[in-house]
Protein chains: 4
Amino acid sequence: MEQLAGKKKAILDTTLELIREHGFHGTPMSLVAKKAGVAAGTIYHYFESKDALICNVFSYIMTNAIEAMQQNDSESLPYKYRFYNLWLNLYRFYSHNPNVLIFFEQFVNSPYQKLMHDTKQDKIRQHLNLFMAQGVRDGFLREANPEVLSVLVLGNIITTAKMMRLRHVSITEQELLQIREIIWDGMTKRS
Amino acid sequence: MEQLAGKKKAILDTTLELIREHGFHGTPMSLVAKKAGVAAGTIYHYFESKDALICNVFSYIMTNAIEAMQQNDSESLPYKYRFYNLWLNLYRFYSHNPNVLIFFEQFVNSPYQKLMHDTKQDKIRQHLNLFMAQGVRDGFLREANPEVLSVLVLGNIITTAKMMRLRHVSITEQELLQIREIIWDGMTKRS
Amino acid sequence: MEQLAGKKKAILDTTLELIREHGFHGTPMSLVAKKAGVAAGTIYHYFESKDALICNVFSYIMTNAIEAMQQNDSESLPYKYRFYNLWLNLYRFYSHNPNVLIFFEQFVNSPYQKLMHDTKQDKIRQHLNLFMAQGVRDGFLREANPEVLSVLVLGNIITTAKMMRLRHVSITEQELLQIREIIWDGMTKRS
Amino acid sequence: MEQLAGKKKAILDTTLELIREHGFHGTPMSLVAKKAGVAAGTIYHYFESKDALICNVFSYIMTNAIEAMQQNDSESLPYKYRFYNLWLNLYRFYSHNPNVLIFFEQFVNSPYQKLMHDTKQDKIRQHLNLFMAQGVRDGFLREANPEVLSVLVLGNIITTAKMMRLRHVSITEQELLQIREIIWDGMTKRS
DNA sequence: TATGAATGAGGATTCATTCAT
DNA sequence: TATGAATGAATCCTCATTCAT
């Protein structure tokens, strides 16, 4: 989660944390300013408005998520291995950054989302789409619309990551791997 | 979605619709009053505060969701048939009531959620939990924590219902049944 | 200057007075509220915004000015008499309502003016235009564009009314009548 | 309108233009800085405050106006000729510098005016006073308070110059000369 | 029950001004 | 001189809530 420096980063990080805790509405700019250690007006040097700030937090997060997802991936690895790695990468990212997960969900279901014209918006799903399409083409996955598959996988990862956080269901490492297996098994052809 | 009458229902319905469209923050009580055709003060006869109103909308929705889920279910039916029916019931409910879907997600990821002490909070998952436990016990599903399974199923249904709405991925009836099959296969298949 | 009642009138009157004294910028809504004896929010029940309030003050004033101008006028009276009366009516109005005069000037030279789509905008000059046209047609005034004449007369009246207020030149009743004579003499044909 | 050089002049000119367009309130220092091509802080090297800047713009303009007014004037010329020349000089100046005209009016009706202790404040009227007094003394003008006459003449010129700009009344060269004649006739004619 | 005018605390945003470089 | 990031007081406006009718 590192890449910007100084006040701008402080503002973004603070906003992310506060919004996770108090929601968009419950997070006044004055509070962001105070927690980030800057003056209220300073925020407006870096971001045009509260909306813009929130959208920037989204982009900032997205960049990190995409990076995390692709770690240790390589076209030369076996498909199933790649899938398992990708699944775990994303799961770990969301799981280790609960702020992101909750912010993300709040954002997607909010009117803010409409303000985003960023192509970054869904790089994750685009990447997944390609990966799924390849799996179908090469016979690793059952015949199905790759777009549908990638939404399912993404939903599955997020659901799993949220499980403990929101549903108070705690899972063991073993269960985690089982969940990954369930979605993989479901997507592969019946033997 | 019918069961209350008169102004109270009008207020609940209006609130639901407005919040889906504009979010919690973007929905002032005055707007609810105007759209519902009542005076601002009238809302406070039925609900203690805005928070209470929002929580009541949640309960109201939940009641409907639970009802929808259980339609045509019976213990005497075959397990897989029951699962398929239950899946489709919930999918259809969310799919036909997009307001509910979005409100629900917003609510769950918001600070309002903490205000709910209602046991109704997760009747859906409780019902699912029992159903999954039975499936595991009777050998229809693979050995797994029933709680985990029900969260996965619920996540899968919601993901599917949101697919078209939020991700602009449209799915055919055939794909829909395939998705249902994927999650079933994943939960039953042994590697 | 009477016609509305209650808080709305209080707000308009207070605004007029404060703006004359401190200018548009120097008159915060909070001050208007305090002086008018209402809560800040109350102003927004009656006026959409500060801009709208200011434009409303203008309309409010205009209505009064038009009324004052036409007092004791009648088509059956001699032309010169009508002119003298009209001149004095307007002069007296501006002179007795210095708030109006200054507000008016500030308004006309400000960006607020562009927000006015009110046809009331220049009823005074329209009325004057007709009156001047008649005077030219009937040979009482020299051959000249009536529009030009009415602007000259209006400018003359306002200049006179402002004289004491802004230029610290005080004039006697006799000088006043002389001024009126000067503009009349200028506009009538050379003998 | 030339006499200072470099950044100071750029700041003054920019301020004048921006204030005409957007008013005192609508012209932030940051905008002046940007349009003038200097840093915000630089303005404060030349002017103590925004108020001081605005008052300086006024003085700057005044200097130019006075200069323009006296062009081609000489005590040895015939009185009526001198009046006609003076009238046209001022008219032309205001007419060719609409920024000045509007700024001037805004300034005079604003609280800024009170901050001016500059004797320049009304050099124009002082000059006019002397000229009118001479006219009355030498029998060119009717018996009247010279101060009153000069205010009338000044008001007449400004009214005329504003006519096109603010009232959207366009006047021909011929009408222009007629207006000048009207005010002259009014001031000289005896009934 | 129902109304809606009134409230006023709270929040987003602006902008004159400063100061370290 | 010149810069422009940073400041934070001040301002406009919103909106949940109350209460007299």
Side-chain angles (χ1 to χ4, degrees), chain A residues 6-8 10-11 22 24-34 36-54, chain B residues 6-8 10-11 24-34 36-54, chain C residues 6-8 10-11 24-34 36-54, chain D residues 6-8 11 24-34 36-54:
Chain A
K7 312 215 173 196
K8 188 168 183 181
I11 293 166
H22 305 110
F24 295 119
H25 176 44
T27 305
M29 295 298 261
S30 56
L31 190 59
V32 173
K34 205 167 104 182
V38 301
T42 303
I43 300 180
Y44 290 86
H45 272 290
Y46 295 104
F47 308 98
E48 270 210 337
S49 63
K50 190 178 185 181
D51 287 3
L53 169 58
I54 288 171
Chain B
K7 309 212 174 197
K8 187 167 183 182
I11 293 166
F24 295 120
H25 177 43
T27 304
M29 295 298 262
S30 56
L31 191 59
V32 173
K34 203 167 105 183
V38 301
T42 304
I43 300 179
Y44 288 85
H45 279 292
Y46 295 103
F47 308 99
E48 264 209 345
S49 64
K50 190 181 186 181
D51 288 359
L53 169 58
I54 287 172
Chain C
K7 311 216 172 197
K8 189 168 181 179
I11 293 165
F24 296 120
H25 176 44
T27 304
M29 295 298 260
S30 55
L31 190 59
V32 174
K34 206 167 103 183
V38 301
T42 303
I43 301 179
Y44 291 87
H45 272 290
Y46 295 103
F47 308 98
E48 269 211 339
S49 62
K50 190 177 184 180
D51 287 2
L53 169 58
I54 289 171
Chain D
K7 310 212 174 196
K8 188 166 182 182
I11 293 166
F24 294 120
H25 175 44
T27 304
M29 295 297 262
S30 56
L31 191 60
V32 173
K34 204 167 104 184
V38 302
T42 304
I43 299 179
Y44 289 86
H45 279 292
Y46 295 104
F47 308 98
E48 265 210 345
S49 64
K50 191 181 185 180
D51 287 0
L53 169 57
I54 287 171

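Just so it is clear: chains get the letters A, B, ... in the order the sequence lines come, proteins before strands, and each one is counted from 1.
The nucleotide whose nearest atom lies closest to any side-chain atom of B:K50 is, among E:dT7, F:dA16, E:dA5, F:dA16. The side chain of A:A39 sits closest to F:dG8 out of E:dA16, E:dA5, F:dG8. When distances are taken from the side chain of C:T42 to each of F:dC12, E:dA6, E:dA2, the shortest belongs to E:dA6. Checking F:dC12, F:dT17, E:dT17 against the side-chain heavy atoms of D:S49 singles out E:dT17 as nearest.
For the atom pair OG1 of B:T42 and NZ of B:K7, the computed distance is 6.0 Å after rounding to the nearest 0.5 Å.
Rounded to whole Å, the distance from CZ on B:F24 to P on F:dA16 is 13 Å. Distance, A:I54 CD1 to E:dG11 P: 14 Å, rounded to whole Å. In this entry the distance linking CD1 of D:I11 with P of F:dT3 reads 9 Å, nearest Å. B:K34 has its NZ atom 17 Å from the C1' atom of F:dA16, to the nearest Å. Remark: P of F:dA5 and OH of D:Y44 are 16 Å apart, rounded to the nearest angstrom. Rounded to an integer number of Å, the gap from A:H45 NE2 to F:dA5 P is 7 Å. Taking atom CE of residue D:M29 and atom C1' of nucleotide F:dA6, one finds them 17 Å apart after rounding to whole Å. D:I43 places its CD1 atom 15 Å from the P atom of F:dT1, with the value rounded to the nearest Å.
Taking atom C1' on both nucleotides, E:dT1 is separated from F:dT21 by 13 Å, rounded to a whole Å.
The one candidate from B:Y44, B:Y46, B:F47 that meets the side-chain contact (heavy atoms from CB on, under 4.5 Å) condition with B:L53 is B:F47.
As judged by a 4.0 angstrom heavy-atom cut-off over every strand, A:F47 is placed among residues making no nucleic acid contact.
For B:K7 and E:dT3, the shortest distance from a side-chain N or O to OP1 or OP2 is below 4.0 Å. Contact annotation: A:Y46 reaches the phosphate of F:dA6 (side-chain N/O to OP1 or OP2, under 4.0 Å).
Comparing C:P28 and B:G26 along DNA chain F, the residue whose closest nucleotide (by nearest heavy atom) sits nearer the 5' end is C:P28. Two residues, A:S30 and C:G41, neighbour DNA chain E, and the one matched to the more 5' nucleotide by heavy-atom proximity is C:G41.
In this structure, E:dT17 forms a base pair with F:dA6, meeting either the Watson-Crick or the G-U wobble geometry with both donor-acceptor distances under 3.5 Å. Applying the Watson-Crick and G-U wobble criteria (two distances, each under 3.5 Å), F:dT14 pairs with E:dA9.
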